[in-house]
Amino acid sequence: MDRSVVSINDLKAAFLELGLKEGDICLFHSSFKSLGHVLGGAQTVIDAFEDVLGKEGTLVAPTLSNVDFVNSYKTWYMDKPSGVGYLTEYFRKQMFVYRSDHPTHSVAARGKLAYELTFEHGWRGPHLCPFGEYAFADSSPWVKMDQMNAKIVFIGVTMLYNTMKHVVEGRLVEHFLSFVKNEEKRAELVGRLKKFGSEEGVWPFYNSVKMQDRLEQLGLVRHFNLNGAELLCVDAKDTNKAALDILLNEYEIWYKGSVLQWIKDCLAQ
């Protein structure tokens, strides 16, 4: 069956219905092809976002190094193509777009807070993380977007692609480690965590699709269907907090095996 074309006004109406407004920070995850025929192509999607966000807003796209991910730290350079979709790479190459300097989890941004979000990705506040301690550091765009309660829009993809989940996982790890007062035992537990490039080690990766279902039940996920593409929108700070609370209270449901044992070993101290 033929699908209708999508215009800039269709996109703007969808974004407004999802709760975007002037002055917002908006991060998008996307499958451009899910929209079907967009009049004006990728530029129309970017224009629609920025028209809604206005001059006070900021548009952000993930530009992760998913291609040959394991060698990212060896192959990274600031003009390396985004590995997470056509729309993100299209946006990255536009004028006045800033990009954060990180080998695995960079973002591109344009707008009022673009420089503030991107300029110090790996400078301060490291956190334990399987992608390197500065991927989701305090100075990273990811933590800043959480603190500023950015809105996250998913175009034709589920929250399986919610990169913010790693902020939650890092906080979960730090919470359980806070029970460990003995420095030697803490070092042993930290040493069991997964490190970048290693097939060994534990990390509390959680099922993002299952978490989407839980967030839906809490009324934290907004929906809009556009030309057959399912669009979602969540508020970063609120959903991250809700997800962390769920994992802390139900860790024996969400985790099994060596990860669950690691958590219990932390709590036993």
Side-chain angles (χ1 to χ4, degrees), residues 1-67 79-100 105-114 117-118 141 145 150-164 208-209 212 215-216 221-236 239:
M1 179 167 50
D2 291 338
R3 298 174 66 185
S4 60
V5 297
V6 174
S7 70
I8 189 169
N9 288 333
D10 294 329
L11 286 158
K12 288 165 66 172
F15 296 152
L16 289 168
E17 187 68 22
L18 289 170
L20 294 190
K21 64 182 186 302
E22 186 172 354
D24 278 341
I25 300 169
C26 176
L27 167 72
F28 68 85
H29 295 280
S30 58
S31 167
F32 177 64
K33 66 181 180 181
S34 71
L35 292 169
H37 182 199
V38 179
L39 292 174
Q43 187 61 49
T44 297
V45 181
I46 303 304
D47 288 346
F49 268 124
E50 295 186 327
D51 283 356
V52 171
L53 298 175
K55 293 182 179 180
E56 297 297 304
T58 307
L59 184 61
V60 187
T63 52
L64 283 56
S65 303
N66 278 16
V67 178
D79 198 36
K80 186 175 182 179
S82 168
V84 285
Y86 171 72
L87 198 56
T88 67
E89 176 64 2
Y90 181 88
F91 177 64
R92 180 191 74 82
K93 295 189 292 186
Q94 295 205 318
M95 294 181 63
F96 310 116
V97 169
Y98 292 93
R99 190 184 197 183
S100 68
H105 284 81
S106 67
V107 306
R110 182 164 65 187
K112 184 176 181 179
L113 297 177
L117 286 172
T118 59
M145 285 189 286
K151 291 186 171 74
I152 309 175
V153 170
F154 300 83
I155 300 176
V157 296
T158 68
M159 291 183 69
L160 174 66
Y161 298 94
N162 184 19
T163 308
M164 277 285 184
S208 304
V209 176
Q212 179 180 328
L215 296 174
E216 298 260 15
V221 184
R222 300 180 290 277
H223 291 259
F224 191 89
N225 187 286
L226 180 59
N227 201 30
E230 185 74 5
L231 276 60
L232 312 174
C233 183
V234 300
D235 300 324
T239 50

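The structure presented is a predicted model; accordingly, all values stated were derived computationally and were not measured. Residues take their numbers from the sequence shown, with the count starting at 1.
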Let me have the donor-acceptor pairs involving side chains of residues 17-28, under 3.5 Å, with sequence neighbours excluded, atom names and distances please.
{"unit_1": "K21", "atom_1": "NZ", "unit_2": "D24", "atom_2": "OD1", "d": "3.2"}
{"unit_1": "D24", "atom_1": "OD1", "unit_2": "K151", "atom_2": "NZ", "d": "3.3"}
{"unit_1": "D24", "atom_1": "OD2", "unit_2": "K21", "atom_2": "N", "d": "2.9"}
{"unit_1": "D24", "atom_1": "OD2", "unit_2": "K151", "atom_2": "NZ", "d": "2.9"}

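- For the atom pair NE2 (H29) and CG (L232), the distance works out to 11.0 Å, reported to the nearest 0.5 Å.
- Note that the CG atom of N225 and the CD atom of E230 stand 5.5 Å from one another [nearest 0.5 Å].
- With sequence neighbours left out, R99 forms a salt bridge (charged side-chain N to carboxylate O under 4.0 Å, His left out) with no residue at all.
- Take E56 and apply the salt bridge (charged side-chain N to carboxylate O under 4.0 Å, His left out) test, not counting sequence neighbours, and it matches K112.
- At least one donor-acceptor pair closer than 3.5 Å links the side chain of D10 to the backbone N or O of S7.
- Once rounded to the nearest 0.5 Å, the distance linking CZ of F154 with CZ of R222 reads 11.0 Å.
- Looking at T118, L117, L113 one by one, the single match for side-chain contact (heavy atoms from CB on, under 4.5 Å) with V60 turns out to be L117.
- Residues passing the salt bridge (charged side-chain N to carboxylate O under 4.0 Å, His left out) test with D47: none are found, sequence neighbours excluded.
- With sequence neighbours excluded, the residues forming a side chain to side chain donor-acceptor pair (under 3.5 Å) with D79 are R92, listed by chain and number.
- Nearest heavy atoms, S34 versus I155: OG-O, 3.8 Å.
- Residues satisfying the side chain to side chain donor-acceptor pair (under 3.5 Å) criterion with S31, sequence neighbours excluded, are absent altogether.
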Please test T88 against T63 for side-chain hydrogen bond (donor to acceptor under 3.5 Å, both in side chains), starting from the C-alpha separation and ending with a verdict.
CA-CA 6 Å; T88 67; T63 52; over 6 Å; no
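- Interatomic distance, CG of D235 versus CG of L215, reported as 11.0 Å (0.5 Å rounding).
- With respect to L11, the side-chain contact (heavy atoms from CB on, under 4.5 Å) criterion is satisfied by exactly one of N227, I46, L226: L226.
- A distance of 8.5 Å separates CD1 of I152 from SG of C233, quoted to the nearest 0.5 Å.
- S30 places no side-chain N or O within 3.5 Å of a backbone atom of F32 that could act as its donor or acceptor partner.
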